[in-house]
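Please read the structure below before turning to the comments.
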2 protein chains.
Amino acid sequence: MANVAKYDRDEVIHKAMMLFWEKGFNATSTRDLQDAVNLRPGSFYAAFGSKEALFSEALKLYASESHDYLLNMSAENDSAMGVIRAFMQGIILGRKKVAPSEMCMLVKTIAELTDEHSVLLEQSRELLKNTERQLAQLLEKAQQEGEFSKHKSCSHTASYLMVQIMGLRTYMRNSQSPKLIESLLDEMFSNLQH
Amino acid sequence: MANVAKYDRDEVIHKAMMLFWEKGFNATSTRDLQDAVNLRPGSFYAAFGSKEALFSEALKLYASESHDYLLNMSAENDSAMGVIRAFMQGIILGRKKVAPSEMCMLVKTIAELTDEHSVLLEQSRELLKNTERQLAQLLEKAQQEGEFSKHKSCSHTASYLMVQIMGLRTYMRNSQSPKLIESLLDEMFSNLQH
DNA sequence: CCAATTATTGACCAATTGATCAATAATAAT
DNA sequence: ATTATTATTGATCAATTGGTCAATAATTGG
């Protein structure tokens with residue numbers, strides 16, 4: 001190797017992710033990005049190739065951080081149902097200081113992009129389905145722990161949970177009233193039990 | 001009056017709305033709009049002043065058409081609960097041929113725009129709250145008709161319905177599976193009854 | 001028919017966009 | 001130290017952006 005990059009690639013992707021998450025794909029210019037990560041166009045394009053490619057990296061990182069967050073909740077909670085609850089409560093209400101938007105970056109992306117960016121669109125869909133699968137697995141664990149009825153379908157209930165997360169976060173962005181959201185979340189969980 | 005415009009203003013706004021609804025605010029260029037409505041820049045800016053102003057008109061029209069759709073459902077259904085159900089079923093599943101996106105234009109807008117366009121953002125929020133108020137009124141009617149428990153709060157349940165609509169439409173865009181959505185919608189309504 | 005008013009047209013503008021590239025600088029291996 | 005390789009820099013590009021404007025055309029009232 002002849003010369004080594006001065007910047008930390010992961011850090012750059014993280015900063016890009018935060019910008020994309022806040023402003024969306026279209027409203028984030030490559031200049032914005034270059035300023036945020038302190039790279040000149042040459043290094044920038046040598047490292048990532050295109051705006052789309054960097055966005056793709058940002059999506060991957062977002063999903064992986066979301067996954068990590070769920071793992072943290074698993075460490076702090078001993079019941080699977082408790083993990084789901086803590087996870088949902090966390091992403092919907094609790095992370096104002098780390099999140100640049102009330103809404104999920106993946107949801108913002110499928111809301112914003114069209115078939116013109118079908119690769120990024122499909123990637124977002126796939127990552128959302130991953131989360132849904134993780135929730136389904138947690139529900140299976142909850143069934144074994146006796147906290148969730150064995151007569152219910154885990155995959156179906158996971159879809160239900162995804163609908164609730166998407167709905168609640170969007171509603172949160174619209175109403176900005178955590179109190180209301182919290183009570184809706186409570187009701188949702190009591191609906192789940194029977 | 002000296003000369004009269006050749007175009008139909010309402011028709012122009014409608015076409016602009018369809019484009020904005022499909023592609024979002026940022027991805028729709030003023031050129032796209034001018035082509036779609038067949039107006040040269042001069043006429044275009046004489047008529048609307050700015051891209052933001054036309055988008056604002058489009059939002060108003062969207063909300064008013066949504067309102068009209070709810071009125072149609074009211075004409076076709078004699079129970080208030082039936083109206084709510086038909087309305088939700090319609091916007092979530094049934095209007096593939098008229099809607100350029102699975103998602104609500106107002107939701108797409110609050111998802112896409114930031115404080116940089118605070119006027120449009122606030123307008124979208126306000127229009128969504130109007131729909132919520134209409135739903136609350138229908139629930140009150142449903143209470144009088146004995147189809148919805150008088151022990152429940154109508155405004156609270158209206159929030160709940162908004163969460164469901166937002167969630168289901170977003171999920172629809174992600175999964176593209178009407179069957180699943182329909183069953184989730186059914187469950188939601190049975191949850192409502194008790 | 002004329003004049004006053006208004007609508008339409010298309011050339012044009014400055015700014016921003018995503019992206020390229022030759023020149024330069026830095027490093028590691030020999 | 002020299003060389004080969006790689007990273008960085010900043011000027012630059014063509015295309016697109018939202019928007020302006022003077023010239024022209026069309027219409028209506030007098």
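Residue numbers start from 1 in every chain, and the chains themselves are labelled A, B, ... in the order their sequence lines are given, proteins ahead of strands.
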Practice prompt. With sequence neighbours excluded, give me every side-chain hydrogen bond (donor to acceptor under 3.5 Å, both in side chains) pair touching residues 99-112 of chain B.
Written response: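 Listed once each, the pairs are B/Asn26-B/Glu112, B/Glu102-B/Arg173.
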[X] [atom1] to [N] [atom2]: how many Å, rounded?
X	N	atom1	atom2	answer
B/Lys6	D/dT24	NZ	P	17 Å
B/Phe25	D/dT17	CZ	P	13 Å
B/Gln34	C/dA7	CD	P	17 Å
B/Asp35	D/dT16	CG	P	12 Å
B/Glu52	D/dG18	CD	P	9 Å
B/Asn38	C/dA7	CG	P	17 Å
B/Leu39	D/dG18	CG	P	16 Å

Worksheet item: Start at the 5' end of DNA chain C and walk down; is the nucleotide closest to A/Phe44 or to B/Tyr7 reached first?
Response: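 Of the two residues, B/Tyr7 wins.
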Worksheet entry | N-O pairing of B/Lys23 and A/Asp115 below 4.0 Å |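 No.
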Of all residues at least two apart in sequence or in a different chain, which pass the salt bridge (charged side-chain N to carboxylate O under 4.0 Å, His left out) check with [X]?
X	answer
B/Glu122	B/Arg125
A/Lys141	A/Glu145
A/Glu11	A/Lys15
A/Lys60	A/Glu57

Discussion item. Side-chain N or O of B/Tyr45 versus OP1/OP2 of D/dG19: is the shortest distance under 4.0 Å?
Written reply: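 Yes, B/Tyr45 has a side-chain N/O under 4.0 Å of OP1/OP2 on D/dG19.
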All N/O contacts under 3.5 Å from nucleotides 10-17 of chain C to the protein, with atom names and distances to one decimal?
unit_1: C/dG10; atom_1: O6; unit_2: B/Gly42; atom_2: N; d: 3.2

